[in-house]
A.B. asks: 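Structure in C-alpha cells, see below.
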Amino acid sequence: MNLLIVNAGSSSLKLRVLDDEDQVIDEKDVSDWDGSPGPIDAMAGDAVVHRVVHGGDRFDGAAVVDDEVEAAIEDLVSLAPLHQPKALELIRASRSGGRPVVACFDTSYHRTIPDAAATYALPAGWRERFGLRKFGFHGLSHAYVARRAPELLDREVPRLISCHLGSGASLCAIEDGRSVDTTMGFTPLDGLVMGTRPGSVDPGLLLWLQTSGGLAAEEIADALEHSSGLLALSSRSGDLREVLAGVEHGDETCRLAYDVYVHRLVGEIARMAAALGGVDALVFTGGVGEHSAPLRAAVARRLDWLGIVLDAESNESSAPVISAPGAPIALCVIESREDLTMAAQAREVLGSDAS
C-alpha cells in the first residue's frame with residue numbers, strides 16, 4: 001500500500017508518497033502554503049498519514065482517525081495554535097475523500113519521560129484538573145534520530161542527544177532509544193530560542209506584562225507565537241541564515257540574536273547530558289541543524305569540555321559524521337525523515353492491509 005505522508009507546518013506543507021519499501025515515488029513541498037487542502041487532492045496514496053503536533057495525554061501512538069479521534073485533536077487546538085488548526089483542516093479534507101486516514105502525534109514519543117522530568121511544580125489540583133505536564137514535541141523527528149544514529153555509527157548509542165533545529169527547535173535526551181527529557185513542555189513555546197518563538201521565559205515576566213504592563217492575554221499570546229525569538233532579537237528575520245548574514249556584515253543586533261541563540265542551545269544541550277549522565281552521540285537535524293556549519297562549529301567550541309571534538313572539513317561539507325576520528329562523543333548530521341517514522345506507525349495501526 002502506498003502512503004501519502006502529510007507534514008503540515010505553520011506556513012509550509014511537505015507531501016511525500018512512499019511505496020511498500022518506503023521509497024519516495026512522489027513529493028511536493030509548498031513553502032508559502034495558505035492552509036488550503038488543495039495540494040493533497042493531486043497526490044496519490046491508498047491511505048493518508050498526517051503529522052499532528054499535539055496529542056495531549058490521550059494518544060500514546062498513532063491512531064486511525066474517526067469522529068472521536070478528530071474531536072480529540074480539535075480539543076487540543078489551543079495548545080498548538082500555529083499547527084493544530086491546519087492539520088485538522090487537512091485531516092477533514094482527507095476523510096471526505098474516502099481514503100483511510102491516520103494521525104501521528106509529535107507528543108507520543110515523549111510519553112516515556114519519567115515523572116521527575118515531566119511534572120510541573122504547580123498545585124496538584126491544577127495539574128489534575130487541567131492535565132498539566134511536560135508533553136514535548138518533534139517526537140517524530142527525535143524517534144527517527146534514535147533509530148538512525150546507531151545505524152549510521154554501526155554501534156549502539158545508549159546516551160543520545162537529538163537536536164532538532166529549524167524554525168521550531170527542541171532537544172531530546174534519548175536513553176536506549178527512549179525519550180527521557182526534552183526542552184519543549186506543555187506547549188511548543190518552551191525551551192530553545194526559535195524563529196518567532198522565545199523559548200523559556202520567566203512566567204512572572206508574562207504576568208507582569210498583563211497586570212502592570214497593561215497587555216491583553218491575546219496580545220501576549222500572539223507575540224509569543226509570531227514576533228518573538230530570532231525575529232525579535234535581530235529586528236531582521238526569524239531565519240538563522242539571514243541573522244548570520246547580518247553578523248557577517250557587522251550588524252550588532254544580529255550578533256546579539258545569534259549569541260543568545262547559541263547560549264540557550266549550549267546550555268540546554270548540557271542539561272540534556274546531565275539528564276543522561278553523559279552522552280555518547282550528539283545529532284543535528286532539522287533545516288538549521290542539517291545545513292548550518294557555523295552553528296554546529298559554535299556549539300562544538302562551547303562544549304569542548306564535554307568531550308566534543310569537531311572535524312572542521314567534515315563539518316563544512318555537512319558529512320553524516322562530523323566528529324574528529326577517535327573523539328569520545330560522536331557528532332552526526334542526520335536528515336530529518338519524519339515521514340519514515342510516520343509510515344512505520346501508520347502501517348502498524350492499519351495492519352496487514354498496509355503491507
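What you see is a predicted model, and the numbers here were worked out from it, not measured in a lab.
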A.B. asks: Below 30° counts as parallel, above 60° as perpendicular, anything between as tilted: where do the rings of Phe59 and Phe105 land?
C.D. replies: parallel
A.B. asks: How about Asp106 and His83: do any of their side-chain heavy atoms sit closer than 4.5 Å?
C.D. replies: no
A.B. asks: How about CD on Glu156, more than 12 heavy atoms from neighbouring residues, nucleotides or ligands closer than 6.0 Å, or not?
C.D. replies: no
A.B. asks: Test your reading of the model: is there a side-chain donor-acceptor pair from Thr107 to the backbone of Gly55, 3.5 Å cut-off?
C.D. replies: yes
A.B. asks: In terms of the angle between their ring planes, are His138 and His164 parallel, tilted or perpendicular, with boundaries placed at 30° and 60°?
C.D. replies: parallel
A.B. asks: Do you know which of Val283, Leu282, Ile329 makes side chain to side chain contact (heavy atoms under 4.5 Å, CB included) with Ile161?
C.D. replies: Leu282
A.B. asks: For Met43 and Asn2, what are the C-alpha separation, side-chain angles and deciding distance, and is it a side-chain contact (heavy atoms from CB on, under 4.5 Å)?
C.D. replies: CA-CA 11 Å; Met43 304 289 283; Asn2 293 343; over 6 Å; no
A.B. asks: State whether the side chain of Glu290 and the backbone N or O of Ser336 hold a donor-acceptor pair below 3.5 Å, judged by distance alone.
C.D. replies: yes
A.B. asks: If Ile, Leu, Val, Met, Phe, Trp and Tyr residues are connected whenever their side-chain heavy atoms lie under 4.5 Å apart, and connections chain through other members, are Ile174 and Tyr144 in the same group?
C.D. replies: yes
A.B. asks: Let me check something: do Leu132 and Leu224 share a hydrophobic cluster, defined by ILVMFWY side-chain heavy atoms less than 4.5 Å apart, either directly or through other members?
C.D. replies: no
A.B. asks: Is it possible for you to say whether Val193 and Leu82 belong to one hydrophobic cluster, with membership spreading through side-chain heavy-atom contacts below 4.5 Å?
C.D. replies: no
A.B. asks: Less than 3.5 Å apart, any donor N or O on the side chain of Asp190 or Ser200 sitting next to an acceptor on the other?
C.D. replies: yes
A.B. asks: Hey, is the main chain of Thr183 close enough, under 3.5 Å, to the side chain of Ser170 for a donor-acceptor pair?
C.D. replies: no
A.B. asks: Do Leu240 and Leu265 share a hydrophobic cluster (ILVMFWY, side-chain heavy atoms under 4.5 Å, transitive)?
C.D. replies: yes
A.B. asks: State whether the number of non-hydrogen atoms from other residues, nucleotides or ligands found under 6.0 Å of Arg127 atom CZ is greater than 12.
C.D. replies: yes
A.B. asks: For residues Leu295 and Tyr261, determine if any side-chain heavy atom of one lies less than 4.5 Å from a side-chain heavy atom of the other.
C.D. replies: yes
A.B. asks: Would you sort out whether Trp305 and Leu303 count as a side-chain contact (heavy atoms from CB on, under 4.5 Å), showing the intermediate values?
C.D. replies: CA-CA 5 Å; Trp305 57 270; Leu303 290 173; 3.7 Å; yes
A.B. asks: Can you tell me if CG on Asp202 sees more than 12 non-hydrogen neighbours from other groups inside 6.0 Å?
C.D. replies: yes
A.B. asks: Do you reckon Leu79 sits in the same ILVMFWY cluster as Tyr120, going by side-chain contacts under 4.5 Å, direct or chained?
C.D. replies: yes
A.B. asks: Strictly distance-based, threshold 3.5 Å: is any side-chain N or O of Ser228 a donor or acceptor partner for the main-chain N or O of Ala223?
C.D. replies: yes
A.B. asks: Quick one about Arg296 and Ser318 (side-chain donor to acceptor, distance below 3.5 Å, no hydrogens or angles considered), yes or no?
C.D. replies: yes
A.B. asks: Near Lys14 NZ, under 6.0 Å, is it more than 12 heavy atoms from other residues, nucleotides or ligands?
C.D. replies: no
A.B. asks: Check whether the side chains of Ser94 and His50 place a donor and an acceptor atom closer than 3.5 Å, and report yes or no.
C.D. replies: yes
A.B. asks: Is the count of non-hydrogen atoms from other residues, nucleotides or ligands lying under 6.0 Å from Arg271 atom CZ greater than 12?
C.D. replies: yes
A.B. asks: With a sphere of 6.0 Å drawn around CD of Glu151, does it hold more than 12 non-hydrogen atoms of other residues, nucleotides or ligands?
C.D. replies: yes
